[in-house]
Each structure stands twice: as structure tokens, then as C-alpha cells.
Amino acid sequence: MNTSNEKATLVVFSGDLDKAIASFIIGTGAAAMGKEVTMFFTFWGLNLLRKPEQVKLKKTWIEKMFEKMMPRGPEKLGLSKMNYGGLGARMMKAVMKKKQIASLNQLMEMARDLEIKMVACTMSMDVMGIREEELIDGLEFAGVAAYLADAEDGKVNLFI
Amino acid sequence: MNTSNEKATLVVFSGDLDKAIASFIIGTGAAAMGKEVTMFFTFWGLNLLRKPEQVKLKKTWIEKMFEKMMPRGPEKLGLSKMNYGGLGARMMKAVMKKKQIASLNQLMEMARDLEIKMVACTMSMDVMGIREEELIDGLEFAGVAAYLADAEDGKVNLFI
Amino acid sequence: MNTSNEKATLVVFSGDLDKAIASFIIGTGAAAMGKEVTMFFTFWGLNLLRKPEQVKLKKTWIEKMFEKMMPRGPEKLGLSKMNYGGLGARMMKAVMKKKQIASLNQLMEMARDLEIKMVACTMSMDVMGIREEELIDGLEFAGVAAYLADAEDGKVNLFI
């Protein structure tokens, strides 16, 4: 059995590139230190998990609107500040590449390799009309109770 | 006496509808699991606690400005993203209603029934010129020391 | 040796005045209660630590752009909401002064007096092209592993 020092949970509420990068740097860092890490993606955070290509599905018009207007996957996210219609995000990605810092896509692969438990919030999926087949592979699907069960076993619990 | 697994605290700094919903879903979820939950409302988070009707009070012009410009209660909050002058918030509320997901008002009633301790930050009230009689019933009024005293007894401590 | 009740860590990701004030009120409050506090400044949070005056350094054009466009120190920060081009921030500072609430500058001095460990995130500094000589004195420089090592020893861990 794990002691509480060995668990960490992150609620990823934000769909901004900068906060997404911060989430995965903390998450992969904790996992690399040997912690059991759960990342729980909810609301705009679900956009990080969307497949880049459109999946044809029957949806209501409001669901279609959410689908169209929200960014589809890590490549499409903007910054929380100084985004300037995507220019800021492109600049930050260019700098990170030049300085050989892992991109969000690479961090997400690392998260998978480190066996971070990535959970998509089913209630948010329901509200936003996002279906399992629109999200990347390797996820778990659960609600807030599952998140809380993980959180109560660790001391590093953040809402991002 | 409670062990640390049995307490949770949420600092609700944000006054956005989506973050407010997330706060109360986590808060009521934790309380339903038997945890003692404290929600500490500070800065824009105080707007969740405002009564919908205006209360006539003597105020400075800056206090009157804050009073006028900030949303008065859960029905008036906007989304943190894609709000489009309130259209986004209305769409999200419509979807939640159709899918029979509890509204923010209902979540707040659940919080009361579950005996969640809801605390309004007195320093923020002072800065924003908000008085006790402008806020809903059933609140406690305290500062950061009271929050920290609760937080140090639990492991699930989030800033939202 | 410290028990976990005696440590607190804050990740200060945001560069907004209101969130900066909240961070330092929680941080100094915890330190005043006898806790060992670490504040880890990353991404936009680094702007809180910038010296008000420009330091002449050789930089790439992207680094120069970040340097120019980001606020230089506590006096230049805006509010996360209702900033109106700086008017909101000025109003909030005026109210706080009138009500004799400590300003961000004073809170930062208190943090120093209370021996709060203030750490600048080296990876963010690298991405944004910020150098040690551009930041205020008394900081430590470290990465996410140092933050996590502190966080796992405490229960009050917030992402702001």
C-alpha cells in the first residue's frame, strides 16, 4: 500500500496551452519521482484530450457548436495571456522547440510512458457533448467521486 | 477527532460560472463522501454569495462602482471562456438543464443541506465594499487564518 | 524534523495583481502561523519578481518581445477581471491603501521578513528569456523537482 507521500492528483480544468504545459510538467515530474499520479480533465481541460481530426457523430446543434468552437487537441490551444489570436502560442512553441524543451505533445507521451492515470470527466463530456471516440486512446472515464478517492490518498492535489 | 482524510477546503477566488460549478461539484461530492468541507469565498468568488436583489446601503463611489459592475449572484455569472456577452453562460445552463444536471443554485442548496461550511473572506468584503446584509444567509465571516486552520487538517486543498 | 502540518507550498503561475495579492496573503498568513512556506513562481508569476527598472542584456528578438510586453514588477500588474486597461488595478490599490490593507509590495517585504522561500522556476525563465539579474534579490532558482520535494512534505499545496 502507498503512503500519502506517494500520490498526486491534478484537476486540469483549463484548456490553455501554458496551463496545460504546467500541468504536464508537474505531473510527469511527480511520476518520475515515483509518485502515482492521476490527472483529471474536466471542462475546458477536455480539449487537451481531443483527437486532432473530426469524428462524424450525431449531435444536437449546441453540441456541434461546442465541437466547432473549442480547440481540438494540444496543437490548437492558445495561451491564457498574450495569445494575440494564436501568435503568442506559436511564439512560445517556437521558443520551447529552439531551447529543446519538451512540447505539450511530447509531455503527454511521457505521461503515458510514466503510466500517469489520465481520466476524462464524464459529466463535462456530457455537458459539452464530447464522446469517447473523439478523445485520444488510453484514457479512463469517471466522475468526481473517482477523483476524490484518489485525491484523499495524496498531499499534492492541485486545481489548474 | 477527524483524521486528515476527512477534511477538504476550497478557496473559491473565481467568480466565473464554470469554475463556480466545478467548485460546488467537488465540494458537494466530498461532503457526500462524509468529508468535512470548508469553502472560502474570496475576491470575485464573493459574487457567488450576493443576493440577487439590491440592498440600499451607504457606500463610497468606488464601492458603488464595484457593486454595480460585479455580477449579483449565481444567475448573473459568466463563463471564463467563450462567454460571448453571456450567450455562452446561457447555453451552458440550457444544456445542463436539458441533461438534468444540477444547476449552480441547486448545487448551492445541496451544499447547505450537506452542511458545508461556507465562509466569506472579510478582507475581500472590505476591499470591495460588500456588507454582510448583501450576502445570502447561512455564511460565516472570517479571514485567512481561519481558512488556514481548516486547510492544515486536510489533504484535499484547492484554489479555484 | 517538520511534520506535514508545518509546510505549505504555493505555485504562483498567474501574473495578475489580484491573484498575486491572494498568494501573498495566504503565504504570509501561513508563515505567521509558524509554517515553512515555499512560493514557486512560474510562467506569468515570474513578472511579480521582476525589477522595476530595465536591465540591459543581450537577448534574441523573441526574448526582447516578452521583456517589453510583460509587466515589470508588482506595480505594473493588472487585475484578472475588470482591469479596464489598468484602471481597475489602480482603483483596487487606492481602496486597499485607504483601508490600510498591506499593498503587494508590503506583502512581499513581509514574506521576506517571515523567511518565506521564494523560488523562480528556471525552465520558465529560460522560455521567457528572463535572467537572474533582472529579478529581485533573495530568490532561489530551481525546477519542478525542487518544488515537488517541498510539496510532498506539506498538506497545504495550492496552484494559483
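Any value given below was found using the heavy atoms of this structure, including those in side chains, with hydrogens, waters and symmetry copies removed. In what follows, chains carry the letters A, B, and so on, assigned in the order in which the sequence lines appear, proteins first and then strands, with residues in each chain numbered from 1.
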If one checks every heavy atom of A:I21 against chain C at 4.5 Å, the contacting part turns out to be side chain

So, the part of A:N157 with a heavy atom under 4.5 Å from chain C: the answer is backbone

How long is the gap from CE on C:M123 to CD1 on A:I25, to the nearest 0.5 Å? 3.5 Å

Calculate, to the nearest 0.5 Å, the distance between atoms OG and CZ belonging to A:S14 and C:F159 respectively. 8.0 Å

Single hit among A:K7, A:K155, A:K35 for salt bridge (Lys or Arg N to Asp or Glu O under 4.0 Å) with C:E152: A:K35

Please answer whether the main-chain N or O of C:W44 pairs with a side-chain N or O of A:K81 as donor and acceptor at a distance below 3.5 Å. no

Give, as side chain, backbone, both or neither, the part of [X] having an atom under 4.5 angstrom from any heavy atom of chain A.
X	answer
C:V144	side chain
C:L148	both
C:T60	side chain

Looking only at heavy atoms, what is the nearest atom pair of A:L158 and C:L158, with distance? CD2-C, 3.8 Å

Counting heavy-atom pairs under 4.5 Å with chain C, which one of A:V95, A:D18, A:L10 comes out on top? A:D18

Mind ranking A:M92, A:M96, A:K99 by heavy-atom pairs under 4.5 Å with chain C and telling me who comes out on top? A:K99

Are C:E63 and A:K98 close enough for a salt bridge, meaning some N to O gap below 4.0 Å? no

Of the listed C:V11, C:T42, C:D16, C:I160, the one with the largest count of heavy-atom pairs under 4.5 Å with chain A is C:D16

How about [atom1] on [X], more than 12 heavy atoms from neighbouring residues, nucleotides or ligands closer than 6.0 Å, or not?
X	atom1	value
C:K97	NZ	no
A:E133	CD	yes
A:Q54	CD	yes
A:E53	CD	yes

In the structure I gave you, are the side-chain heavy atoms of A:S80 and C:F43 within less than 4.5 Å of one another anywhere? no

